Amino acid sequence: MSISPRGNWSSRFGFVLAAAGSAIGLGNIWRFPYTAGENGGGAWVLLYLAFVFVIGFPVLLAELAIGRATQQSPVSAIKQLVPGTWWPIVGGIGVMAGFGILSFYSVIAGITVGYVGLSLVGKFNATIDGDSSAAIFTGLTSNGVLMISLSLLFLLLTALVVRKGISGGIERAARVLMPVFFLFLVLLVVRAMTLGTAAEGLAFLFAPDFSSLTVGGAVSALGQALFSLSLGMGAMITYGSYLSKDDAIPISAGSVAIFDTSIALLGGLIVFPTLFYAGAEATAGPGLVFIVMASIFGSLPFGSVVSVLFYLLLAIAALTSTISLLEVIVSYFVDDRRWPRERAVWFVTALCFVLAVPSALSLGAFGGLTNFYERGGFLDFANEIFGTYFLTVGAMSLCIFVGWKWGIKPALASIEAGGHRLPAAGVWSFLVRFVCPLAVLVLLVYGAIFGANW
Ligand code: TRP
(Lines give C-alpha, C1' and ligand atoms only; values in the text may rest on other atoms or scores of the structure.)
Protein backbone atom coordinates (compact mmCIF):
# COMPACT_ATOMS: atom_id res chain seq x y z
CA MET A 1 0.00 0.00 0.00
CA SER A 2 1.34 3.41 -0.91
CA ILE A 3 1.97 5.81 1.95
CA SER A 4 3.01 8.77 -0.16
CA PRO A 5 2.03 9.59 -3.74
CA ARG A 6 5.63 8.89 -4.82
CA GLY A 7 5.26 5.27 -3.78
CA ASN A 8 6.98 3.21 -1.10
CA TRP A 9 8.46 -0.23 -0.63
CA SER A 10 5.72 -2.53 0.55
CA SER A 11 7.94 -4.03 3.26
CA ARG A 12 11.43 -3.84 4.67
CA PHE A 13 12.27 -7.15 3.04
CA GLY A 14 11.14 -5.71 -0.29
CA PHE A 15 13.51 -2.82 0.18
CA VAL A 16 16.43 -5.08 1.12
CA LEU A 17 15.79 -7.22 -1.96
CA ALA A 18 15.59 -4.21 -4.27
CA ALA A 19 18.66 -2.54 -2.77
CA ALA A 20 20.58 -5.80 -2.88
CA GLY A 21 19.35 -6.21 -6.45
CA SER A 22 20.79 -2.80 -7.27
CA ALA A 23 24.09 -3.54 -5.57
CA ILE A 24 24.50 -7.07 -6.90
CA GLY A 25 25.12 -6.95 -10.61
CA LEU A 26 27.73 -7.06 -13.32
CA GLY A 27 29.89 -5.23 -10.79
CA ASN A 28 30.17 -8.44 -8.80
CA ILE A 29 30.54 -11.04 -11.52
CA TRP A 30 32.01 -9.10 -14.45
CA ARG A 31 33.82 -5.99 -13.10
CA PHE A 32 35.13 -7.42 -9.81
CA PRO A 33 36.89 -10.50 -11.24
CA TYR A 34 38.48 -8.74 -14.19
CA THR A 35 39.67 -5.78 -12.12
CA ALA A 36 41.01 -8.13 -9.44
CA GLY A 37 42.75 -10.03 -12.25
CA GLU A 38 44.32 -6.89 -13.71
CA ASN A 39 45.60 -5.88 -10.27
CA GLY A 40 47.16 -9.18 -9.23
CA GLY A 41 44.45 -10.67 -7.00
CA GLY A 42 44.76 -11.12 -3.21
CA ALA A 43 46.24 -7.81 -2.05
CA TRP A 44 43.83 -5.81 -4.20
CA VAL A 45 40.90 -7.91 -2.97
CA LEU A 46 41.91 -7.23 0.63
CA LEU A 47 42.05 -3.52 -0.05
CA TYR A 48 38.66 -3.65 -1.74
CA LEU A 49 37.21 -5.39 1.35
CA ALA A 50 38.76 -2.77 3.63
CA PHE A 51 37.22 0.02 1.53
CA VAL A 52 33.81 -1.65 1.67
CA PHE A 53 33.81 -1.53 5.46
CA VAL A 54 35.66 1.72 6.12
CA ILE A 55 34.15 3.84 3.33
CA GLY A 56 31.38 1.95 1.51
CA PHE A 57 29.24 1.03 4.49
CA PRO A 58 29.42 4.51 6.10
CA VAL A 59 28.51 6.12 2.76
CA LEU A 60 25.62 3.69 2.35
CA LEU A 61 24.23 4.80 5.72
CA ALA A 62 24.76 8.46 4.80
CA GLU A 63 22.90 8.09 1.49
CA LEU A 64 19.98 6.23 3.07
CA ALA A 65 19.82 8.91 5.78
CA ILE A 66 19.47 11.70 3.21
CA GLY A 67 16.87 9.74 1.26
CA ARG A 68 14.67 8.83 4.17
CA ALA A 69 14.88 12.25 5.84
CA THR A 70 13.70 14.05 2.70
CA GLN A 71 11.68 11.42 0.82
CA GLN A 72 13.20 12.93 -2.33
CA SER A 73 15.71 11.89 -4.98
CA PRO A 74 19.23 13.41 -4.74
CA VAL A 75 18.87 16.87 -6.28
CA SER A 76 15.59 17.83 -4.60
CA ALA A 77 16.69 16.08 -1.39
CA ILE A 78 19.75 18.28 -1.02
CA LYS A 79 17.74 21.36 -2.08
CA GLN A 80 15.31 20.62 0.71
CA LEU A 81 18.05 20.20 3.34
CA VAL A 82 20.11 23.28 2.45
CA PRO A 83 17.94 25.58 0.31
CA GLY A 84 19.60 28.35 -1.67
CA THR A 85 23.07 26.75 -1.81
CA TRP A 86 25.25 25.14 -4.46
CA TRP A 87 25.11 21.73 -2.75
CA PRO A 88 22.38 20.27 -5.04
CA ILE A 89 25.11 20.19 -7.70
CA VAL A 90 26.39 17.09 -5.90
CA GLY A 91 23.07 15.45 -6.74
CA GLY A 92 23.35 16.73 -10.31
CA ILE A 93 26.76 15.10 -10.69
CA GLY A 94 25.11 11.90 -9.51
CA VAL A 95 22.47 12.17 -12.25
CA MET A 96 25.24 12.60 -14.82
CA ALA A 97 27.09 9.62 -13.38
CA GLY A 98 23.87 7.66 -13.74
CA PHE A 99 23.67 8.45 -17.46
CA GLY A 100 27.34 7.61 -17.88
CA ILE A 101 27.23 4.30 -16.02
CA LEU A 102 23.95 3.15 -17.55
CA SER A 103 25.28 3.87 -21.03
CA PHE A 104 28.19 1.43 -20.82
CA TYR A 105 26.53 -0.96 -18.37
CA SER A 106 23.67 -1.64 -20.77
CA VAL A 107 26.22 -2.62 -23.44
CA ILE A 108 27.76 -5.33 -21.22
CA ALA A 109 24.26 -6.33 -20.13
CA GLY A 110 23.38 -6.64 -23.83
CA ILE A 111 26.33 -9.00 -24.30
CA THR A 112 24.96 -11.23 -21.53
CA VAL A 113 21.72 -11.51 -23.47
CA GLY A 114 23.67 -12.27 -26.63
CA TYR A 115 25.48 -15.02 -24.74
CA VAL A 116 22.22 -16.50 -23.45
CA GLY A 117 21.25 -16.78 -27.12
CA LEU A 118 24.59 -18.26 -28.15
CA SER A 119 24.44 -20.86 -25.38
CA LEU A 120 20.86 -21.78 -26.27
CA VAL A 121 21.89 -22.57 -29.85
CA GLY A 122 24.73 -24.73 -28.48
CA LYS A 123 27.70 -22.57 -29.47
CA PHE A 124 29.64 -23.57 -26.38
CA ASN A 125 29.99 -27.24 -27.24
CA ALA A 126 32.74 -29.85 -26.86
CA THR A 127 34.91 -28.38 -29.64
CA ILE A 128 35.44 -25.06 -27.92
CA ASP A 129 38.83 -23.90 -26.63
CA GLY A 130 40.35 -20.60 -25.54
CA ASP A 131 40.92 -19.38 -29.09
CA SER A 132 37.54 -20.26 -30.49
CA SER A 133 35.90 -18.78 -27.39
CA ALA A 134 37.77 -15.51 -27.94
CA ALA A 135 36.70 -15.62 -31.58
CA ILE A 136 33.05 -16.00 -30.59
CA PHE A 137 33.40 -12.98 -28.28
CA THR A 138 34.96 -10.77 -30.93
CA GLY A 139 32.49 -12.10 -33.49
CA LEU A 140 29.69 -10.71 -31.36
CA THR A 141 31.33 -7.52 -30.15
CA SER A 142 32.61 -6.45 -33.56
CA ASN A 143 29.11 -6.67 -35.02
CA GLY A 144 28.03 -3.06 -34.49
CA VAL A 145 24.39 -3.45 -35.45
CA LEU A 146 23.96 -6.45 -33.19
CA MET A 147 25.71 -4.77 -30.28
CA ILE A 148 23.54 -1.66 -30.59
CA SER A 149 20.38 -3.76 -30.83
CA LEU A 150 21.26 -5.84 -27.76
CA SER A 151 21.94 -2.70 -25.69
CA LEU A 152 18.65 -1.23 -26.85
CA LEU A 153 16.82 -4.42 -25.97
CA PHE A 154 18.25 -4.30 -22.47
CA LEU A 155 17.39 -0.63 -21.99
CA LEU A 156 13.82 -1.33 -23.11
CA LEU A 157 13.49 -4.21 -20.62
CA THR A 158 14.72 -1.88 -17.89
CA ALA A 159 12.30 0.86 -18.92
CA LEU A 160 9.35 -1.53 -18.83
CA VAL A 161 10.04 -2.28 -15.16
CA VAL A 162 10.81 1.29 -14.08
CA ARG A 163 7.67 2.74 -15.66
CA LYS A 164 5.63 0.56 -13.28
CA GLY A 165 7.00 2.48 -10.29
CA ILE A 166 8.28 1.30 -6.94
CA SER A 167 6.34 -1.53 -5.29
CA GLY A 168 4.55 -2.74 -8.44
CA GLY A 169 7.61 -2.60 -10.72
CA ILE A 170 11.00 -2.50 -9.08
CA GLU A 171 10.16 -4.41 -5.92
CA ARG A 172 8.11 -7.02 -7.70
CA ALA A 173 10.87 -7.65 -10.25
CA ALA A 174 13.45 -8.00 -7.46
CA ARG A 175 11.27 -10.48 -5.56
CA VAL A 176 11.20 -12.82 -8.54
CA LEU A 177 14.66 -12.22 -9.98
CA MET A 178 16.83 -12.26 -6.84
CA PRO A 179 15.88 -15.76 -5.60
CA VAL A 180 16.46 -17.17 -9.09
CA PHE A 181 19.81 -15.41 -9.13
CA PHE A 182 20.86 -16.96 -5.78
CA LEU A 183 19.85 -20.43 -6.87
CA PHE A 184 21.88 -20.21 -10.10
CA LEU A 185 24.81 -18.72 -8.23
CA VAL A 186 25.03 -21.55 -5.72
CA LEU A 187 24.85 -24.16 -8.49
CA LEU A 188 27.70 -22.45 -10.35
CA VAL A 189 29.91 -22.09 -7.26
CA VAL A 190 29.52 -25.80 -6.53
CA ARG A 191 30.43 -26.61 -10.14
CA ALA A 192 33.51 -24.35 -10.09
CA MET A 193 34.72 -25.59 -6.70
CA THR A 194 34.70 -29.18 -7.95
CA LEU A 195 36.88 -28.43 -11.00
CA GLY A 196 40.20 -29.45 -9.40
CA THR A 197 41.67 -25.96 -9.74
CA ALA A 198 39.69 -24.60 -6.80
CA ALA A 199 42.82 -24.25 -4.65
CA GLU A 200 44.58 -22.11 -7.25
CA GLY A 201 41.53 -19.92 -7.61
CA LEU A 202 41.28 -19.48 -3.85
CA ALA A 203 44.98 -18.66 -3.58
CA PHE A 204 44.71 -16.02 -6.32
CA LEU A 205 41.77 -14.36 -4.61
CA PHE A 206 42.91 -14.56 -1.02
CA ALA A 207 46.71 -14.85 -0.82
CA PRO A 208 47.93 -11.25 -0.81
CA ASP A 209 51.07 -10.19 -2.65
CA PHE A 210 51.43 -6.55 -1.72
CA SER A 211 54.17 -5.85 -4.24
CA SER A 212 51.53 -5.91 -7.00
CA LEU A 213 49.60 -2.95 -5.55
CA THR A 214 49.82 0.53 -7.10
CA VAL A 215 48.11 3.84 -6.37
CA GLY A 216 46.02 3.27 -9.48
CA GLY A 217 45.10 -0.14 -8.06
CA ALA A 218 44.07 1.46 -4.77
CA VAL A 219 41.89 4.00 -6.58
CA SER A 220 40.27 1.22 -8.58
CA ALA A 221 39.69 -0.82 -5.37
CA LEU A 222 37.90 2.16 -3.84
CA GLY A 223 35.97 2.74 -7.05
CA GLN A 224 34.98 -0.93 -7.11
CA ALA A 225 33.81 -0.84 -3.47
CA LEU A 226 31.53 2.12 -4.31
CA PHE A 227 30.44 0.80 -7.71
CA SER A 228 29.54 -2.58 -6.27
CA LEU A 229 27.40 -1.10 -3.50
CA SER A 230 25.77 1.38 -5.95
CA LEU A 231 27.19 4.35 -4.04
CA GLY A 232 28.46 7.82 -4.83
CA MET A 233 25.74 8.92 -7.27
CA GLY A 234 22.61 8.94 -5.18
CA ALA A 235 21.07 5.57 -6.04
CA MET A 236 20.79 4.76 -2.35
CA ILE A 237 19.44 8.24 -1.62
CA THR A 238 16.73 7.46 -4.13
CA TYR A 239 16.03 3.95 -2.80
CA GLY A 240 16.13 5.31 0.77
CA SER A 241 13.52 7.91 -0.17
CA TYR A 242 10.96 5.14 -0.61
CA LEU A 243 11.58 3.83 2.94
CA SER A 244 8.97 4.54 5.55
CA LYS A 245 9.76 6.19 8.87
CA ASP A 246 10.04 3.05 10.96
CA ASP A 247 12.08 0.73 8.72
CA ALA A 248 15.36 -0.33 10.37
CA ILE A 249 18.13 1.26 8.33
CA PRO A 250 21.11 -0.16 10.29
CA ILE A 251 19.99 -3.75 9.80
CA SER A 252 18.88 -3.30 6.18
CA ALA A 253 22.08 -1.52 5.18
CA GLY A 254 24.18 -4.14 6.95
CA SER A 255 22.40 -6.96 5.12
CA VAL A 256 22.82 -5.25 1.75
CA ALA A 257 26.55 -4.67 2.28
CA ILE A 258 27.14 -8.24 3.46
CA PHE A 259 25.09 -9.75 0.64
CA ASP A 260 26.82 -7.71 -2.02
CA THR A 261 30.34 -8.34 -0.80
CA SER A 262 29.78 -12.07 -0.34
CA ILE A 263 28.45 -12.31 -3.84
CA ALA A 264 31.47 -10.54 -5.33
CA LEU A 265 33.65 -13.10 -3.56
CA LEU A 266 31.43 -15.93 -4.79
CA GLY A 267 31.73 -14.45 -8.29
CA GLY A 268 35.48 -14.72 -7.84
CA LEU A 269 35.06 -18.32 -6.70
CA ILE A 270 33.24 -19.09 -9.93
CA VAL A 271 35.57 -17.25 -12.29
CA PHE A 272 39.08 -17.92 -10.96
CA PRO A 273 38.98 -21.73 -10.56
CA THR A 274 37.48 -21.78 -14.05
CA LEU A 275 40.20 -19.50 -15.37
CA PHE A 276 42.98 -21.72 -14.03
CA TYR A 277 41.14 -24.79 -15.30
CA ALA A 278 41.10 -23.25 -18.77
CA GLY A 279 44.75 -22.18 -18.45
CA ALA A 280 43.79 -18.59 -19.31
CA GLU A 281 45.33 -15.27 -18.27
CA ALA A 282 43.79 -13.28 -15.41
CA THR A 283 44.62 -9.99 -17.14
CA ALA A 284 42.30 -10.41 -20.11
CA GLY A 285 40.28 -7.27 -19.26
CA PRO A 286 36.55 -6.74 -19.80
CA GLY A 287 36.19 -9.81 -22.01
CA LEU A 288 37.52 -12.09 -19.27
CA VAL A 289 34.28 -13.40 -17.84
CA PHE A 290 32.78 -14.02 -21.25
CA ILE A 291 35.77 -15.63 -22.92
CA VAL A 292 37.07 -17.68 -20.01
CA MET A 293 33.75 -19.01 -18.83
CA ALA A 294 32.59 -19.90 -22.33
CA SER A 295 35.79 -21.78 -23.06
CA ILE A 296 35.13 -24.48 -20.49
CA PHE A 297 31.44 -25.20 -20.80
CA GLY A 298 32.09 -27.68 -23.58
CA SER A 299 34.29 -29.86 -21.39
CA LEU A 300 31.90 -29.90 -18.45
CA PRO A 301 29.20 -32.47 -17.82
CA PHE A 302 25.91 -30.67 -18.45
CA GLY A 303 28.03 -27.87 -19.90
CA SER A 304 25.34 -26.52 -22.19
CA VAL A 305 22.86 -26.28 -19.32
CA VAL A 306 25.50 -24.64 -17.14
CA SER A 307 26.27 -22.12 -19.85
CA VAL A 308 22.64 -21.07 -20.20
CA LEU A 309 22.38 -20.74 -16.40
CA PHE A 310 25.54 -18.68 -16.17
CA TYR A 311 24.57 -16.07 -18.75
CA LEU A 312 21.00 -15.92 -17.52
CA LEU A 313 22.42 -15.29 -14.05
CA LEU A 314 24.46 -12.41 -15.39
CA ALA A 315 21.53 -10.97 -17.29
CA ILE A 316 19.23 -11.13 -14.25
CA ALA A 317 21.84 -9.54 -11.99
CA ALA A 318 22.35 -6.81 -14.56
CA LEU A 319 18.63 -6.08 -14.90
CA THR A 320 18.04 -5.42 -11.18
CA SER A 321 21.01 -3.01 -11.37
CA THR A 322 20.07 -1.15 -14.57
CA ILE A 323 16.65 -0.67 -12.97
CA SER A 324 18.24 1.27 -10.12
CA LEU A 325 20.43 3.32 -12.44
CA LEU A 326 17.44 4.30 -14.56
CA GLU A 327 15.34 4.99 -11.46
CA VAL A 328 17.83 7.57 -10.15
CA ILE A 329 17.70 9.58 -13.36
CA VAL A 330 13.95 9.18 -13.81
CA SER A 331 13.23 10.22 -10.23
CA TYR A 332 15.23 13.39 -10.82
CA PHE A 333 12.86 14.39 -13.62
CA VAL A 334 9.84 13.30 -11.57
CA ASP A 335 10.76 14.94 -8.23
CA ASP A 336 12.68 17.97 -9.39
CA ARG A 337 11.20 18.76 -12.79
CA ARG A 338 7.69 17.47 -11.98
CA TRP A 339 7.49 15.33 -15.10
CA PRO A 340 5.06 12.42 -15.23
CA ARG A 341 6.93 9.15 -14.61
CA GLU A 342 6.01 7.71 -18.01
CA ARG A 343 7.45 10.64 -19.96
CA ALA A 344 10.59 10.69 -17.81
CA VAL A 345 11.17 6.97 -18.39
CA TRP A 346 10.99 7.17 -22.17
CA PHE A 347 12.98 10.38 -22.44
CA VAL A 348 15.80 9.08 -20.23
CA THR A 349 15.83 5.70 -21.95
CA ALA A 350 16.14 7.33 -25.36
CA LEU A 351 18.99 9.56 -24.20
CA CYS A 352 20.82 6.65 -22.57
CA PHE A 353 20.48 4.70 -25.78
CA VAL A 354 22.17 7.47 -27.75
CA LEU A 355 24.96 7.60 -25.16
CA ALA A 356 25.32 3.80 -25.26
CA VAL A 357 26.09 3.74 -29.00
CA PRO A 358 29.78 4.75 -28.75
CA SER A 359 30.35 2.15 -26.03
CA ALA A 360 28.53 -0.50 -28.06
CA LEU A 361 30.82 0.18 -31.03
CA SER A 362 33.99 0.25 -28.95
CA LEU A 363 34.60 -3.47 -28.49
CA GLY A 364 35.81 -4.07 -32.02
CA ALA A 365 33.10 -2.68 -34.31
CA PHE A 366 34.70 0.70 -34.90
CA GLY A 367 38.46 1.25 -34.74
CA GLY A 368 38.55 4.81 -33.44
CA LEU A 369 36.33 3.90 -30.51
CA THR A 370 38.01 0.55 -29.89
CA ASN A 371 41.44 2.14 -29.42
CA PHE A 372 40.10 5.20 -27.71
CA TYR A 373 42.88 5.85 -25.19
CA GLU A 374 45.97 4.13 -23.85
CA ARG A 375 44.11 1.78 -21.53
CA GLY A 376 41.44 0.62 -23.96
CA GLY A 377 38.31 1.55 -25.84
CA PHE A 378 35.51 4.01 -25.23
CA LEU A 379 33.68 1.58 -22.94
CA ASP A 380 36.75 1.19 -20.71
CA PHE A 381 37.07 4.96 -20.69
CA ALA A 382 33.44 5.50 -19.64
CA ASN A 383 33.84 2.76 -17.05
CA GLU A 384 36.89 4.48 -15.56
CA ILE A 385 35.54 8.04 -15.67
CA PHE A 386 32.00 7.39 -14.48
CA GLY A 387 32.45 4.10 -12.60
CA THR A 388 35.54 5.19 -10.66
CA TYR A 389 36.16 8.95 -10.71
CA PHE A 390 32.58 10.24 -10.59
CA LEU A 391 31.75 7.80 -7.80
CA THR A 392 34.81 8.49 -5.65
CA VAL A 393 34.38 12.26 -5.97
CA GLY A 394 30.63 11.85 -5.46
CA ALA A 395 31.10 9.80 -2.29
CA MET A 396 33.61 12.32 -0.97
CA SER A 397 31.24 15.23 -1.61
CA LEU A 398 28.31 13.41 0.00
CA CYS A 399 30.40 12.70 3.11
CA ILE A 400 31.49 16.33 3.37
CA PHE A 401 27.86 17.35 2.91
CA VAL A 402 26.55 15.03 5.63
CA GLY A 403 29.49 15.44 8.01
CA TRP A 404 30.02 19.18 7.78
CA LYS A 405 27.00 20.88 6.20
CA TRP A 406 23.77 19.06 6.93
CA GLY A 407 25.18 17.61 10.16
CA ILE A 408 25.81 14.27 11.85
CA LYS A 409 22.96 14.82 14.33
CA PRO A 410 20.04 15.04 11.88
CA ALA A 411 21.62 12.32 9.72
CA LEU A 412 21.88 10.00 12.69
CA ALA A 413 18.32 10.83 13.69
CA SER A 414 17.21 9.75 10.21
CA ILE A 415 19.24 6.52 10.37
CA GLU A 416 17.90 5.69 13.83
CA ALA A 417 14.27 6.72 13.18
CA GLY A 418 11.81 4.17 14.51
CA GLY A 419 14.11 3.45 17.45
CA HIS A 420 16.66 1.30 15.58
CA ARG A 421 20.01 2.21 17.16
CA LEU A 422 23.15 2.37 15.07
CA PRO A 423 25.89 0.56 17.00
CA ALA A 424 29.14 2.54 17.21
CA ALA A 425 27.53 5.73 15.89
CA GLY A 426 30.63 7.65 16.97
CA VAL A 427 32.82 5.55 14.67
CA TRP A 428 30.41 6.16 11.80
CA SER A 429 30.57 9.91 12.39
CA PHE A 430 34.38 9.84 12.44
CA LEU A 431 34.54 7.83 9.21
CA VAL A 432 32.08 10.13 7.42
CA ARG A 433 33.64 13.39 8.59
CA PHE A 434 37.32 12.56 8.32
CA VAL A 435 38.31 9.18 6.94
CA CYS A 436 36.24 9.04 3.78
CA PRO A 437 36.90 12.58 2.49
CA LEU A 438 40.61 12.38 3.31
CA ALA A 439 41.10 8.91 1.89
CA VAL A 440 39.56 9.90 -1.44
CA LEU A 441 41.48 13.16 -1.56
CA VAL A 442 44.82 11.55 -0.72
CA LEU A 443 44.34 8.77 -3.27
CA LEU A 444 43.31 11.09 -6.09
CA VAL A 445 46.07 13.61 -5.38
CA TYR A 446 48.75 10.91 -5.12
CA GLY A 447 47.51 9.36 -8.33
CA ALA A 448 47.57 12.74 -10.08
CA ILE A 449 51.09 13.59 -8.89
CA PHE A 450 52.86 10.27 -9.11
CA GLY A 451 50.82 8.57 -11.80
CA ALA A 452 48.60 5.54 -11.43
CA ASN A 453 51.43 2.99 -11.52
CA TRP A 454 53.31 4.38 -8.58
N1 TRP B 1 26.13 -1.94 -8.16
C2 TRP B 1 25.82 -2.42 -9.46
C3 TRP B 1 26.76 -3.55 -9.79
O4 TRP B 1 27.56 -3.92 -8.98
C5 TRP B 1 25.87 -1.34 -10.51
C6 TRP B 1 25.06 -0.17 -10.14
C7 TRP B 1 23.71 -0.10 -10.06
C8 TRP B 1 25.54 1.07 -9.72
N9 TRP B 1 23.33 1.11 -9.62
C10 TRP B 1 24.43 1.85 -9.39
C11 TRP B 1 26.82 1.55 -9.57
C12 TRP B 1 24.61 3.13 -8.92
C13 TRP B 1 26.97 2.84 -9.10
C14 TRP B 1 25.89 3.62 -8.75
O15 TRP B 1 26.72 -4.08 -10.84
Side-chain angles (χ1 to χ4, degrees), residues 17-36 48 51-52 55-57 59-60 62-64 67 73-74 90-91 93-109 111-112 154-155 158 161-162 170 173-174 177-178 181 185 220-240 256-257 259-268 286 289 313-332 348 352 382-395 397-398:
L17 272 185
S22 163
I24 298 164
L26 295 174
N28 305 59
I29 295 168
W30 164 75
R31 200 179 193 264
F32 171 77
Y34 97 76
T35 317
Y48 153 78
F51 282 140
V52 166
I55 295 181
F57 186 58
V59 173
L60 175 57
E63 288 203 20
L64 292 175
S73 52
V90 177
I93 293 175
V95 174
M96 276 161 46
F99 271 117
I101 295 175
L102 186 53
S103 70
F104 77 80
Y105 202 93
S106 56
V107 173
I108 306 292
I111 300 180
T112 67
F154 211 89
L155 281 170
T158 309
V161 176
V162 172
I170 298 177
L177 294 176
M178 292 312 286
F181 171 85
L185 187 82
S220 78
L222 175 57
Q224 178 60 23
L226 298 170
F227 186 93
S228 194
L229 288 167
S230 301
L231 298 175
M233 52 80 74
M236 290 299 165
I237 298 182
T238 308
Y239 273 27
V256 171
F259 264 153
D260 180 65
T261 310
S262 326
I263 283 172
L265 296 176
L266 290 177
V289 170
L313 170 102
L314 279 179
I316 291 170
L319 184 60
T320 51
S321 297
T322 52
I323 288 171
S324 88
L325 286 161
L326 185 60
E327 174 62 23
V328 174
I329 321 173
V330 164
S331 65
Y332 162 71
V348 174
C352 277
N383 185 0
E384 190 172 331
I385 296 296
F386 295 107
T388 298
Y389 290 106
F390 266 69
L391 298 185
T392 45
V393 172
S397 318
L398 283 169

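All ligand and atom numbering here is 1-based and tracks the order in the structure. Quick caveat, the model's predicted, so the values are computed rather than measured. All residue numbers in this chain count up from 1 along the given sequence.
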Minimum-distance protein heavy atom relative to atom 1 (N) of ligand 1: F227 O, 2.8 Å
Would a distance-only check, ignoring hydrogens and angles, find a side-chain to backbone donor-acceptor pair under 3.5 Å from E63 to G232? yes
What residue and atom, counting heavy atoms only, is the protein's closest point to atom 6 (C) of ligand 1, and at what distance? S230 OG, 3.5 Å
Please confirm whether I101 comes within less than 3.5 Å of ligand 1 when only nitrogen or oxygen atoms on both sides are compared. no
S324 and ligand 1 - part of the residue with a heavy-atom distance under 4.0 Å: side chain
Atom 3 (C) of ligand 1: the protein heavy-atom neighbour that sits closest, reported with distance to 0.1 Å: A23 O, 3.2 Å
Tell me the closest heavy-atom pair linking F32 and L265, and the distance in Å. CZ-CD2, 4.2 Å
Count the heavy atoms belonging to other residues, nucleotides or ligands that lie under 6.0 Å from CZ of F259, then report whether that count exceeds 12. no
Considering non-hydrogen atoms of the protein only, which is the closest contact for atom 15 (O) of ligand 1, and what is the distance? Y105 OH, 2.4 Å
Donor-acceptor pair, distance only, cut-off 3.5 Å: does the side chain of Q224 make one with the backbone of G387? no
What residue pairs, at least two apart or across chains, pass salt bridge (charged side-chain N to carboxylate O under 4.0 Å, His left out) with a residue in residues 93-108? none
Quick one: closest heavy-atom pair of M236 and S22, and the distance? CE-OG, 3.9 Å
Look only at the side chain of T158 and the backbone of I323, and say whether a donor-acceptor pair between them is shorter than 3.5 Å. no
Using distance alone, decide if ligand 1 has a nitrogen or oxygen within less than 3.5 Å of any nitrogen or oxygen in G27. yes
Proximal candidate to atom 2 (C) of ligand 1 [heavy atom criterion; set S22, G25, S228]: S22
I'd like to know whether ligand 1 has F32 as a neighbour, heavy-atom separation below 4.0 Å. no
Show which atoms of ligand 1 fall inside a sub-4.0 Å distance from at least one heavy-atom site of M233. 12 (C), 14 (C)
